[in-house]
There are 2 protein chains.
Amino acid sequence: MARTGQRHATLRAIAQSAGVDVSTVSRVLNGSPEDAQRAASRQTAEEIRQWAARLNYRPNPHAASLRTRRSNLIGVLVPRLSDLVLATVYEGIEDAAARHGMTTFVMNSRDQAAEQRERTELALSRRVDGLIFGDAHIDGAFLDDIAGQQVPFVLVNRRAGDHPAVTCDDYEGGRLVAEHFLELGHTRVGVIAGEPFASTGIDRTTGFLDRYREAGVDVPASRVVHSHFDAAGGRAAADRLLRSRARPTAIFAVNDFAAIGALGALRDQGLRPGHDVAIAGYNDTPLAAELPIPLTSVRSPMHEMGARALELLLRVLAGEPAASERLTPALVVRASSENAPAAT
Amino acid sequence: MARTGQRHATLRAIAQSAGVDVSTVSRVLNGSPEDAQRAASRQTAEEIRQWAARLNYRPNPHAASLRTRRSNLIGVLVPRLSDLVLATVYEGIEDAAARHGMTTFVMNSRDQAAEQRERTELALSRRVDGLIFGDAHIDGAFLDDIAGQQVPFVLVNRRAGDHPAVTCDDYEGGRLVAEHFLELGHTRVGVIAGEPFASTGIDRTTGFLDRYREAGVDVPASRVVHSHFDAAGGRAAADRLLRSRARPTAIFAVNDFAAIGALGALRDQGLRPGHDVAIAGYNDTPLAAELPIPLTSVRSPMHEMGARALELLLRVLAGEPAASERLTPALVVRASSENAPAAT
DNA sequence: CTGAAAGCGCTTACAG
DNA sequence: CTGAAAGCGCTTACAG
C-alpha cells in the first residue's frame, strides 16, 4: 500500500503542543465564532491557531460527520454530464458548494428510472445531507416517493410537481422565439420539442405555441416533433419536419445541439439556414456564436441556476422557507434566423 | 433542520436483533469473503444477512473511513468540466469508480497553477485516497512537488514527466492527419496547436510535423499557431493562418471545438471547408459527424481513458507496478477534408 | 466459530 | 475561560 502517512495533525496533537484540552482546541478551531470567543482567552486562542498552522491541521471530515451526523456532502444527479448544459449547471452547483464549505459529487442517471433510483440509493448510503436532481421527469412519481421519505432535495433545470426547483423561465423563453419569428413574418413554423418527459422541452414548446395562438396562428400537431437533446436527435426531427409537403419556413429547436443537427439536415436538402429556413435554438451555448452560421438562441443562466439550486437546498436543509425560482431568459438573434418566409 | 431521521440501521441494531456481537456482524457484512467464512456458521451468517436486509443496513462510510484510514474517495481535477472532452473522460472515471465501490468528486482548475494547488489541498483535506489530474502542465513542477510528498496520483488525457498517465497516442494521431493530408496532395498546411503547456496539443502537433518532414516538407513555424481549446480560440487562430499571403490549403486543429471555430473563420472569408481548405479536428466528439459540413477528426477513446486512469490509480494505491498507457487513435474522414489543393 | 475491548478524531452537554 | 467524559459506527488484534 502506497500510503501517504500522517499528512495532517489531529486536535490531540495541537492540544498537547499548546498544553490545553482537545475540547478547547475544537471550539477554537472548528466551533462557531461565538463558541471560539467564549472557549479561550485571546492569548490561548492565538497560540492554538499558531500550532494549527504549524502542524498543518485540517479537521478530519469523517470524524466530524460521524459525530455530528452531518456530512456536508451533496449528491447531484444529471442525465449526462457530457451534456454541456448539465455540465455548466453542475459547475454552478460546485462553485456555490465550495463557497459554503460543502462537497458535491455527481452521477449520471441517463434519464432512466432504474438508474435514478439506484444512484439516489447510493448517495443516501454515502450519507449525503441532501440531493439535487437535474434529471426530473415531469410525472414525478419517483420524486414524490422520496419526498415522502423526508429526503431533502431540490430540482434544477427541470421542474416537476410542487417540488422546490430552480429553472429558467422556459415558457417565457419559448414565447420570445415565437415573437421573433412572428416579427419576421413566419406563419408556417415547426418545433423540435425535445424529450416528452422534460419540463424544459414542454414549457419552451408551450410558450412558443401559446404566443402563436395569440397571434391567430394554430401550429398543427404534425409540426411539433419530439427529439433527443442532441445533434443526432435534432437532425432526425428536422428531417421529419422538412419532409412534409408544406415545409416550415422557421424552426424552433428547444436545445442548441438539436438546432445544430437541424442545421445539418437543412444543408443535406440544399437549404440555407437564415435564407430558406430560419432556425433558433435554446441555451446559447458558447458554440452558438462561433458556428459557421451563427445560431439564434435563447440565453439561459445555466451556471447561475446551479448556484441558486445549491443555495435553495441549503435553505431546505436549514428548515427555512424554500420557494422555487424561475430565472429570466433572453433572446440572442444571429444569422441563422434573418430571413422572412420565402416568397413561395 | 429538516433531518431525515434514522434511515439506515447500524451494526449494533443488527447484532441485537440477531443476538450476536457487532464484531461478528461486521465480519459477515463488511469483511472479506474469507473473514465472513470463518466469522460465523452458515446459519448465523444467513440470519445476520436477513436482518441486514430487513433493517436496510448500509455501512456508515464515515465510521469506516475513520477507523481504517481509507476513504475510498478519489479527487479528480480537470481544467473545465464543461469541456466535453474532460466531461467524457470523467464519466469514464466515475463509471469505473462505481464498479470498484469508490466515490469520486471533480473540481475545475481552469488550468491555473494557483487553483491546481488550492483544489489539491482541498481534496487532501477531504482525506482522498488518491488523485487523478486531467489538467497536467508539461513542465510538471507542481506534480513533481506533490509526488515528493508521496501523494498517490495518476494523470489522464495529458502526460507530464514520468508520472503514470493514461493518454491517447497523440503523436500517432497527429501523424494520421498528416498522412491523410499528404495523400490528398496538400503541402501548404497549417496547425492550430492548442495550449503550449498541454501535452495533447504538443504531441499531436509534433506527430503531424514529423510526418510532413519525413515526406520532405518542412512546415514553417509561422503556420503553427497556439490557441485555446475552444471554438473562439480556433476561430482566432484560423484567422491568423488565413491572413498570411500563402494561405494553407489544409489545416489541422488539435481539437474539434477549435476546428469548429476554424470552420466559422473560413466561412467569414467566403471559403468552403472541404473545397477551398481542408479541415481536420481531434477527439471525434459526437458533434463532429452531425455538423452541416461533417468534420474529419481523430477518434480518441475518451471514456476508456478515464476508466483506465481510475484502474491505474487503484494499482498505485495497492502498491502494484503502474505503467503509463497510451491508447490508440483512429482517423475518421468526413466531408471537411475532401479537397485536394486548389489549382492556384 | 464467536466475543469483548480498544480506538479512529471529532463534538458537545455538563461541570466548575 | 477551561476541562473531563461520553459517544458517533465502525474494524481488528487478541483471546478463547
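Every chain is numbered from 1, with letters handed out A, B, ... down the list of sequences.
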Euclidean distance, atom [atom1] of residue [X] to atom [atom2] of [N] [Å, nearest integer]:
X: B:R38; N: D:dC14; atom1: CZ; atom2: C1'; answer: 15 Å
X: A:I14; N: D:dT2; atom1: CD1; atom2: C1'; answer: 17 Å
X: A:D21; N: C:dT12; atom1: CG; atom2: P; answer: 15 Å
X: B:L11; N: D:dG7; atom1: CG; atom2: P; answer: 18 Å
X: A:Y57; N: C:dG9; atom1: OH; atom2: C1'; answer: 8 Å
X: A:H8; N: C:dC10; atom1: NE2; atom2: P; answer: 11 Å
X: B:I48; N: C:dC1; atom1: CD1; atom2: C1'; answer: 11 Å
X: B:E47; N: C:dT2; atom1: CD; atom2: P; answer: 10 Å

Could you check whether [X] gets within reach of a base, just the sugar-phosphate, or nothing at all, counting any heavy atom under 4.0 Å?
X: A:A39; result: base
X: B:S41; result: sugar-phosphate
X: B:T44; result: sugar-phosphate
X: A:T68; result: sugar-phosphate
X: B:T10; result: sugar-phosphate
X: A:N30; result: sugar-phosphate

Which nucleotide, D:dC14, C:dC8, D:dA4, lies nearest any side-chain atom of A:R12?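 In terms of side-chain proximity for A:R12, the closest of D:dC14, C:dC8, D:dA4 is C:dC8.
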Would you indicate which nucleotide in C:dA4, C:dC14, D:dC8 comes nearest to any side-chain atom of A:R67? D:dC8
Could you state the interatomic distance from [atom1] ([X]) to [atom2] ([Y]), rounded to the nearest 0.5 Å?
X: A:E91; Y: A:L84; atom1: CD; atom2: CG; result: 8.5 Å
X: B:R7; Y: A:S125; atom1: CZ; atom2: OG; result: 11.0 Å
X: A:S26; Y: A:I14; atom1: OG; atom2: CD1; result: 10.5 Å
X: B:L66; Y: A:R67; atom1: CG; atom2: CZ; result: 12.5 Å

Taking a pair as Watson-Crick or G-U wobble with both distances under 3.5 Å, which nucleotide is matched to D:dA4? none
Among B:R119, B:R80, B:R158, which residue meets the salt bridge (charged side-chain N to carboxylate O under 4.0 Å, His left out) test with B:D111?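 So the option named by the test is B:R158.
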Is A:T24 near enough to D:dG3 that one of its side-chain N or O atoms lies under 4.0 angstrom from OP1 or OP2? yes
Using only side-chain N and O atoms of B:R69, determine if any of them is under 4.0 Å from OP1 or OP2 of C:dG9.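 Checking B:R69 against C:dG9: at least one side-chain N or O falls below 4.0 Å of OP1 or OP2.
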Under 6.0 Å between the ring centres of A:F142 and A:H137? no
Between B:A40 and B:V22, who's closer to the 5' end of DNA chain C by nearest nucleotide?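 First, find each residue's nearest nucleotide; the 5'-ward one identifies B:A40.
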Note: for A:L66 and B:A45 on DNA chain C, the residue whose nearest nucleotide lies more 5' is B:A45
